[in-house]
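Everything below concerns the one structure shown next.
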Amino acid sequence: MKVVVIQSFGSPDGLAVTDIPSPVPGPGQVAIATEAIGVGGVDAMIRRGTIAGVGIEEGHVPGSEVAGIVTAVGAGVDTSWTGKRVWAFTGRGGGYAEQALASVEEILPLPAGLSAADAVTLGSSGMVAHFALAHAHFAAGEAVLVRGAAGSIGVMAVQLAARGGARAVAVTTSSAERGARLSALGATHVLDRSGAGADAPTGYDVIIDIISGPDMPAFFDKLAPNGRMVAVGAVAGFPPADFGATMLASFVRSLSFATFSADTVALPDRRAVQLDQWAAASRGDLRAVVHESLPLEKAALAHRKMDEGDVFGRFVLIP
Ligand SMILES: NC(=O)c1ccc[n+]([C@@H]2O[C@H](COP(=O)([O-])OP(=O)(O)OC[C@H]3O[C@@H](n4cnc5c(N)ncnc54)[C@H](OP(=O)(O)O)[C@@H]3O)[C@@H](O)[C@H]2O)c1
């Protein structure tokens, strides 16, 4: 079968297309003939070698989310899975392939009416956005800011906050064109990356921060009294070392800061939210934002564009 491997860590040029034997599912696993493969930010980190070691060496096949048809099951797996259309989390790799393996615990049946490309686009990012808003105790009528809204998590956080009855859904983004697309998803205020913009709300009850980095204290300061900031990602790196001082200096406003990782959410709860969101998407109530679908062989192009920031939503590879 055809796969994309990381021949050498670093630039997207290190990704190569090659042929290897199709994998055979082990105990508790299924094999999936992939129809669509999600390209995530973590794949780019793995490709750069940022998290090399811990079982990730050169020769690694990246890709952690696929959708397709179960073609074979390993020992102990219910054979009725064979032939079913599923979404699968494949862990830290193995996804950029015509055939992928996944633990049966990590697969979910796709509803009729949801395409494989939409499934890997909503995939886990919709679930992350849902639980991040829940972690922030978001309630209807509140003002929300999604910092880094144009990414796969952000486009879902915007839609979920709007659907959840937010009074305002402000977004940071780098262009007016992206701002217009975010408005179509439910954003009410489009701000630049510094958080400035016409009629920007004066304070936010909730900030979902996917960016972190040096500007994080300035955004923390934009919280309204009793406001909650939840850090979901660190696209721009860590905040300055004195971020703690900023937090304490604003204690008279009773502000809260929290981190959030979907890894802390129990698997049955994650699965329930994913199934609920996929049903909503197949009814047209939620939108999967596919930036572009490319052939599997073009994985390096998808990575190059991601490195250049040229992605709104998610790239999908089609084998
Ligand atoms: N918490 C969890 O459970 C969880 C799960 C999965 C991933 N993550 C984390 O989430 C992050 C990736 O999320 P994603 O894929 O949605 O994001 P992304 O696509 O990497 O970035 C989102 C947006 O941020 C903006 N941006 C990029 N660089 C920036 C900078 N230096 N300053 C300000 N804005 C910048 C860009 O939009 P504009 O150009 O429009 O500004 C970009 O589209 C990673 O940190 C990953 O580790 C967390």
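In what follows, residues are counted from 1 in the order of the sequence shown. When reading the values below, keep in mind they use all heavy atoms of this one structure, side chains included, and skip hydrogens, waters and symmetry mates. Remember, it's a predicted structure, so these values are computed and weren't measured experimentally.
T188 places no side-chain N or O within donor-acceptor distance of the main-chain N or O of A168, the cut-off being under 3.5 Å. Side chain of Q274 to main chain of G123: a donor-acceptor pair is present (N/O by atom type, distance under 3.5 Å, no hydrogens or angles). A donor-acceptor pair under 3.5 Å is formed between the side chain of S175 and the backbone N or O of R178. A donor-acceptor pair under 3.5 Å is absent between the side-chain atoms of T34 and the main chain of A36, judged by distance alone. Panel note: side chain K222, backbone A218; no donor-acceptor pair is recorded below 3.5 Å. Between the side chain of R147 and the backbone N or O of T173 there is no donor-acceptor pair closer than 3.5 Å. Judged by distance alone, with hydrogens and angles left aside, the side-chain atoms of E142 form a donor-acceptor pair with the main-chain N or O of A139 at under 3.5 Å. Although no hydrogens or angles enter the test, the distance criterion places a donor-acceptor pair under 3.5 Å between the side chain of D192 and the main chain of G195. Between the side chain of S125 and the backbone N or O of I153 there is no donor-acceptor pair closer than 3.5 Å. Here the side chain of H130 pairs no donor or acceptor atom with the backbone of V273 at under 3.5 angstrom.
Across G148 and I210, no two heavy atoms sit closer than the pair O-CD1, 3.7 Å. Looking at every heavy atom in both residues, R228 comes nearest to A136 through NE-O, 2.8 Å. Between A149 and V158 the shortest heavy-atom distance is CB-CG2, 3.9 Å. The heavy-atom pair separating S282 from A112 by the smallest distance is CB-O, 3.9 Å. For A116 against L110, the heavy-atom pair with the smallest separation is CA-CD1, 4.4 Å. When all heavy atoms are compared, the tightest approach of G233 to S212 is O-OG, 2.8 Å.
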Practice problem: List the steps, then state whether salt bridge (Lys or Arg N to Asp or Glu O under 4.0 Å) holds for D276 with R271. | Solution: CA-CA 8 Å; D276 184 49; R271 294 166 71 100; over 6 Å; no
Self-check item: Worked verdict on M216 versus M229 for side chain to side chain contact (heavy atoms under 4.5 Å, CB included)
Solution: CA-CA 10 Å; M216 200 169 202; M229 172 184 263; 4.1 Å; yes
Quiz item: Can you check side chain to side chain contact (heavy atoms under 4.5 Å, CB included) on L296 and V17, steps first, answer last?
Solution: CA-CA 8 Å; L296 176 60; V17 183; over 6 Å; no
Exercise. Run the numbers on L255 and N226 for side chain to side chain contact (heavy atoms under 4.5 Å, CB included), then give the verdict.
Key: CA-CA 5 Å; L255 307 184; N226 297 305; over 6 Å; no
Quiz item: Could you go step by step and tell me if E308 and R304 meet the salt bridge (Lys or Arg N to Asp or Glu O under 4.0 Å) rule?
Solution: CA-CA 6 Å; E308 291 162 2; R304 212 165 284 125; over 6 Å; no
Quiz prompt | Worked check of side chain to side chain contact (heavy atoms under 4.5 Å, CB included) between I211 and F219 | solution = CA-CA 11 Å; I211 305 300; F219 278 92; over 6 Å; no
Quiz item: Given K2 and D19, is the salt bridge (Lys or Arg N to Asp or Glu O under 4.0 Å) satisfied, shown in steps?
Solution: CA-CA 5 Å; K2 201 189 306 161; D19 280 298; over 6 Å; no
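Rounded to the nearest 0.5 Å, atoms CG (L191) and CG (L145) are 6.5 Å apart. With rounding to the nearest 0.5 Å, the separation of CD in Q29 from CD in E105 is 11.5 Å. In this structure, CZ in R92 is found 12.0 Å from CG in D43, a value given to the nearest 0.5 Å. In this structure, I56 CD1 and I46 CD1 are separated by 4.0 Å, a value rounded to the nearest 0.5 Å. Note that the CD atom of Q159 and the CG atom of L185 stand 5.0 Å from one another [nearest 0.5 Å]. In this structure, CG on L248 lies 12.0 Å from CG on D242, to the nearest 0.5 angstrom.
Linking ILVMFWY side-chain heavy atoms closer than 4.5 Å, directly or via other members, places V265 and F138 in a single hydrophobic cluster. Under the 4.5 Å side-chain heavy-atom criterion for ILVMFWY residues, a single connected hydrophobic cluster contains both V316 and W87. Hydrophobic clustering (side-chain heavy atoms under 4.5 Å, transitive across Ile, Leu, Val, Met, Phe, Trp, Tyr) keeps V311 apart from M156. In the hydrophobic cluster analysis, where Ile, Leu, Val, Met, Phe, Trp and Tyr join through side-chain heavy atoms closer than 4.5 angstrom, V120 is grouped apart from V3. A continuous path of hydrophobic side-chain contacts links L122 to I318 [ILVMFWY only; heavy atoms under 4.5 Å].
Within the cation-pi definition used here (under 6.0 Å to the ring centroid, within 45° of the axis), R270 does not qualify as a partner of F131. Remark: R47 fails to qualify as a cation-pi partner of F9 under the 6.0 Å distance and 45° angle criteria applied to the six-membered ring.
Side-chain contact between I6 and L15: present, with at least one pair of heavy atoms (C-beta onward) separated by less than 4.5 Å. In this structure, the side chains of F89 and S64 come closer than 4.5 Å at one or more pairs of heavy atoms. Side-chain contact between V61 and V4 is absent, with no heavy-atom pair separated by less than 4.5 Å. By the 4.5 Å heavy-atom criterion applied to side chains, V86 and I32 are counted as neighbours. Residues V206 and I208 form a side-chain contact, since some pair of their non-hydrogen atoms from C-beta on lies under 4.5 Å apart. You'll find the side chain of V39 stays beyond 4.5 Å of the side chain of I37, heavy atoms only. At a threshold of 4.5 Å between non-hydrogen side-chain atoms, the residues V77 and P25 do not count as touching. E35 places a side-chain heavy atom less than 4.5 Å from the side chain of R85.
The number of heavy atoms from other shown groups lying within 6.0 Å of CG (D78) is above 12.
In this pair, Y96 and H303 present their aromatic rings perpendicular. The plane angle is above 60°, beyond the 30 to 60° band.
No side-chain donor from either of T90 and E65 sits under 3.5 Å from a side-chain acceptor of the other.
Taking the ring centroids of F243 and F238, they lie at or beyond the 6.0 Å cut-off. Side-chain rings of F260 and H135 approach one another, their centers coming within less than 6.0 Å.
Looking at R167 and D205, a side-chain N of the basic residue comes within less than 4.0 Å of a carboxylate O on the acidic one, giving a salt bridge. Ion pairing of R48 with D307 is present here, as a side-chain N (NZ or NE/NH1/NH2) and a carboxylate O approach within less than 4.0 Å. Checked for salt-bridge contact, R314 and D118 miss the test: no charged N lies under 4.0 Å from a carboxylate O.
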